[in-house]
**Q** 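Got a structure here, written out as C-alpha cells. Questions coming.
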There are 2 protein chains.
Amino acid sequence: MAGSTERDHSTAAYAILGLLSVHGPHTIYDLKGLIEGSIGYFWTFPHSQMYAETKRLETAGLIRADAEAGGRGRRVLHVTDDGRRALEAWWRREDGGETEIRDLGLLKLFLADPADGAGVAELAARQAAAHAERLALYTDLADDATRAEPSMRAAYRTVDLGLSYERAAVAFWRSVEADFG
Amino acid sequence: MAGSTERDHSTAAYAILGLLSVHGPHTIYDLKGLIEGSIGYFWTFPHSQMYAETKRLETAGLIRADAEAGGRGRRVLHVTDDGRRALEAWWRREDGGETEIRDLGLLKLFLADPADGAGVAELAARQAAAHAERLALYTDLADDATRAEPSMRAAYRTVDLGLSYERAAVAFWRSVEADFG
DNA sequence: GAGTGGACAGTCCAGAATGGACTGTCTAGA
DNA sequence: TCTAGACAGTCCATTCTGGACTGTCCACTC
C-alpha cells in the first residue's frame with residue numbers, strides 16, 4: 001500500500017481533491033469551512049478525518065502542503081498533477097453504490113411501536129417542522145446560487161435536489177401527522 | 001462503561017432492538033437479512049457491525065441470546081425489558097442531527113470540472129437511469145406494502161418518502177442532462 | 001507595552017465502524 | 001458416503017469518529 005499511487009482513496013479524499021482543484025489552494029481548516037457550507041449539506045466529513053485524509057493524500061503525492069510564511073505557519077494545500085489525474089479517473093469511473101438517506105426520523109418511523117399512533121403523530125410533527133426549516137435554508141441557498149459564477153453552475157445545481165427532497169419530506173411528514181393524529 | 005445501562009448506544013443498536021421488539025426473536029444472520037429488505041433501503045449496517053453490536057447489547061443486558069437446540073446451535077436474540085425501555089427512551093428523545101443524503105452522483109456533480117459539460121451530461125444520464133431502476137424497485141415495494149399487516153402501517157409509510165425522493169432524483173438528473181448535453 | 005480571553009489550527013486517543021478474508025459446520029444432492 | 005456450497009460467525013488491519021486537549025495567535029483592554 002505505502003507509496004502506491006494506484007491505490008483507491010476514500011470519498012473524502014476525492015472531495016478534498018475536487019475542492020482544491022476548483023477553488024485553488026486552501027488550508028485544511030479553511031477547506032473544512034468550505035465543505036461545511038457546500039458538500040456538508042448533504043455529506044459530512046468529520047474534523048479528524050480531514051486531517052488524517054490530507055496526510056494520506058500528501059504521502060500519496062496527490063497534494064502538496066506549503067507552510068505559510070507568517071502568523072501560524074498554516075499548511076496551504078495544493079493539488080498536484082497526479083492529484084488532478086486521480087480525481088478525473090475517479091470522476092469518470094462508473095459509480096457504484098446506492099444513495100443512502102440517513103434520516104433519523106425515517107428510521108424512527110420504521111421502528112415505531114405499532115400501538116403508538118399518538119407517538120407517531122408527534123414524531124411526524126417534529127419532523128415536519130425540522131424539514132420546513134431546512135427547506136427555508138435551501139431556499140436561501142438557491143437564491144445565492146442565482147448570483148453565482150457561471151463556472152459553479154453544476155455545483156449549485158445540487159441545491160435543486162436538496163430543495164426537492166426537503167419539499168417532499170415536509171409534505172410526507174405532514175401527511176403522516178394527519179394520518180396518525 | 002462496562003455494565004452500565006445508562007450509556008447511549010449506536011443507531012444500529014436501536015435498529016436491532018426495534019426489529020426484535022416488533023418482529024420477535026431472530027438470529028443475527030436472519031436479522032441481518034430482515035434489515036437488508038427494509039431499513040437497508042435507506043440506511044445500511046455492515047455485517048461485522050451487526051455481530052459487534054449484538055455483543056455490546058448483550059453485555060448491557062438489553063438483549064438475551066439463547067442457543068438453538070439442534071443444527072448449528074444458532075444464537076436467537078430476544079429483547080429484554082431493559083431493552084424495550086431503552087428503545088422507547090431513544091424513540092421519544094428529541095431527534096438531533098440532520099438528514100444526510102449520501103449520493104455519490106450528487107457529490108460528483110458538485111465536484112464537476114467546470115469545463116466538462118459533456119462529462120456532466122454523461123454523469124446525469126447514468127444517474128437518471130440508476131434512479132429510474134430504484135424507482136421501479138420502490139414501486140414494487142409500495143405494491144407489497146398495500147398487502148401488509150395493518151400493524152406495519154407506519155413502517156411501510158417509509159417507502160412513500162423513498163418513492164418521492166427517487167421520482168425527484170429521476171426528474172433532476174434528466175433536467176441536468178438536458179441542460180448540459 | 002503588558003496581560004488576557006477567546007478564536008484559531010491542529011493533534012491525540014480510545015472505541016467503533018468497515019470490508020474483506022477466513023473458518024468450521026450443516027445440508028442437500030449425487 | 002461423499003462433496004460442494006450455503007450458512008453462520010469470527011478475525012483483523014485500517015479507517016472513522018467525536019470529543020478532549022494543546023499551543024499559538026490576535027484583538028481588545030488597561
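Letters A, B, ... are given to chains in the order of the sequence lines, protein chains preceding strands, and every chain is numbered from 1.
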**Q** What is the distance, to the nearest angstrom, from the CD atom on B/E68 to the P atom on D/dC7?
**A**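 It is 14 Å, rounded to the nearest whole Å.
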
**Q** Check the distance between C/dG19's P and B/E36's CD and give it to me in whole angstrom.
**A**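 After rounding, the reported distance stands at 12 Å.
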
**Q** Does A/E36 pair with A/K32 as a salt bridge, N-O distance under 4.0 Å?
**A**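 Salt bridge present between A/E36 and A/K32.
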
**Q** Please determine if a side-chain N or O atom of A/R75 lies less than 4.0 Å away from the OP1 or OP2 oxygen of C/dT11.
**A**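 For C/dT11, neither OP1 nor OP2 has a side-chain N or O of A/R75 closer than 4.0 Å.
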
**Q** What does B/K55 touch in the nucleic acid at a heavy-atom separation under 4.0 angstrom: a base, only the sugar-phosphate, or nothing?
**A**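 Result for B/K55 = sugar-phosphate.
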
**Q** Apply side-chain hydrogen bond (donor to acceptor under 3.5 Å, both in side chains) to residues A/D160 and A/Y138 and explain how you reach the verdict.
**A** CA-CA 8 Å; A/D160 292 346; A/Y138 284 178; over 6 Å; no

**Q** Do B/D8 and B/Y14 pass the side-chain hydrogen bond (donor to acceptor under 3.5 Å, both in side chains) test, and can you show the C-alpha distance, the side-chain angles, and the key distance before you say yes or no?
**A** CA-CA 10 Å; B/D8 200 19; B/Y14 294 111; 3.0 Å; yes

**Q** If only atom types and distance count, is the side chain of B/T80 paired as donor or acceptor with the main-chain N or O of B/L62 below 3.5 Å?
**A**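 Yes, because the side chain of B/T80 sits within donor-acceptor range (under 3.5 Å) of the backbone of B/L62.
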
**Q** Could you check A/G73 against A/A12 and say which one's nearest nucleotide on DNA chain D is further toward the 5' end?
**A**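 Counting from the 5' end, the first nearest nucleotide belongs to A/A12.
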
**Q** Checking contacts here: which listed nucleotide (D/dC7, C/dA9, C/dG10) is nearest the side-chain heavy atoms of A/D30?
**A**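 Nucleotide nearest to A/D30's side chain: C/dA9.
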
**Q** Take atom CG of B/L31 and atom C1' of D/dA8, then tell me their distance rounded to the nearest Å.
**A**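 About 13 Å, once rounded to whole Å.
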
**Q** Figure out the NZ/P separation between B/K32 and D/dT10, and round it to whole Å.
**A**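 For the pair B/K32 NZ and D/dT10 P, the rounded distance is 14 Å.
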
**Q** With a 4.0 Å limit, can you tell me whether B/R72 has a side-chain N or O closer than that to the phosphate oxygens OP1/OP2 of D/dC7?
**A**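 No.
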
**Q** Name all residues meeting the salt bridge (charged side-chain N to carboxylate O under 4.0 Å, His left out) criterion together with B/R84; count only those two or more places apart in sequence or in a different chain, and write none if there are none.
**A**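 Result, salt bridge (charged side-chain N to carboxylate O under 4.0 Å, His left out) vs B/R84: none returned.
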
**Q** Is there a residue in residues 42-51 of chain B whose heavy atoms reach under 4.0 Å of DNA chain C, and which residues are they?
**A**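 Only B/P46, B/S48, B/Q49 qualify.
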
**Q** Quick one: A/E58 CD to C/dG10 P, roughly how many Å, whole number?
**A**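 From A/E58 CD to C/dG10 P: 12 Å.
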
**Q** On the nucleotide D/dG23, are OP1 or OP2 found under 4.0 Å from the side-chain N or O atoms that A/R74 carries?
**A**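 The answer is no; no side-chain N or O of A/R74 sits under 4.0 Å from OP1 or OP2.
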
**Q** Can you tell me the distance, in whole Å, between the CG atom of B/D66 and the P atom of D/dA8?
**A**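 In whole Å, D/dA8 P and B/D66 CG are 17 Å from each other.
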
**Q** Where the side chain of B/R102 is concerned, which of C/dG10, D/dT17, D/dA8 is the nearest nucleotide?
**A**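 The nucleotide sitting nearest to the side chain is D/dT17.
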
**Q** Taking atom P of D/dT10 as reference, at what distance in whole Å does atom CD1 of B/I28 sit?
**A**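 Value for this atom pair: 7 Å.
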
**Q** Salt-bridge test for B/R56 and B/E53: reply yes if a basic N is under 4.0 Å from a carboxylate O, no otherwise.
**A**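 Answer for the salt bridge query: yes.
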
**Q** For the pair made of CZ in A/R56 and C1' in C/dT11, what is the distance, rounded to whole Å?
**A**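 The distance from CZ of A/R56 to C1' of C/dT11 comes to 15 Å, rounded to the nearest Å.
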
**Q** Got a salt bridge between A/E58 and A/R75, using NZ or NE/NH1/NH2 to carboxylate O under 4.0 Å?
**A**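 The answer is yes: the pair qualifies as a salt bridge.
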
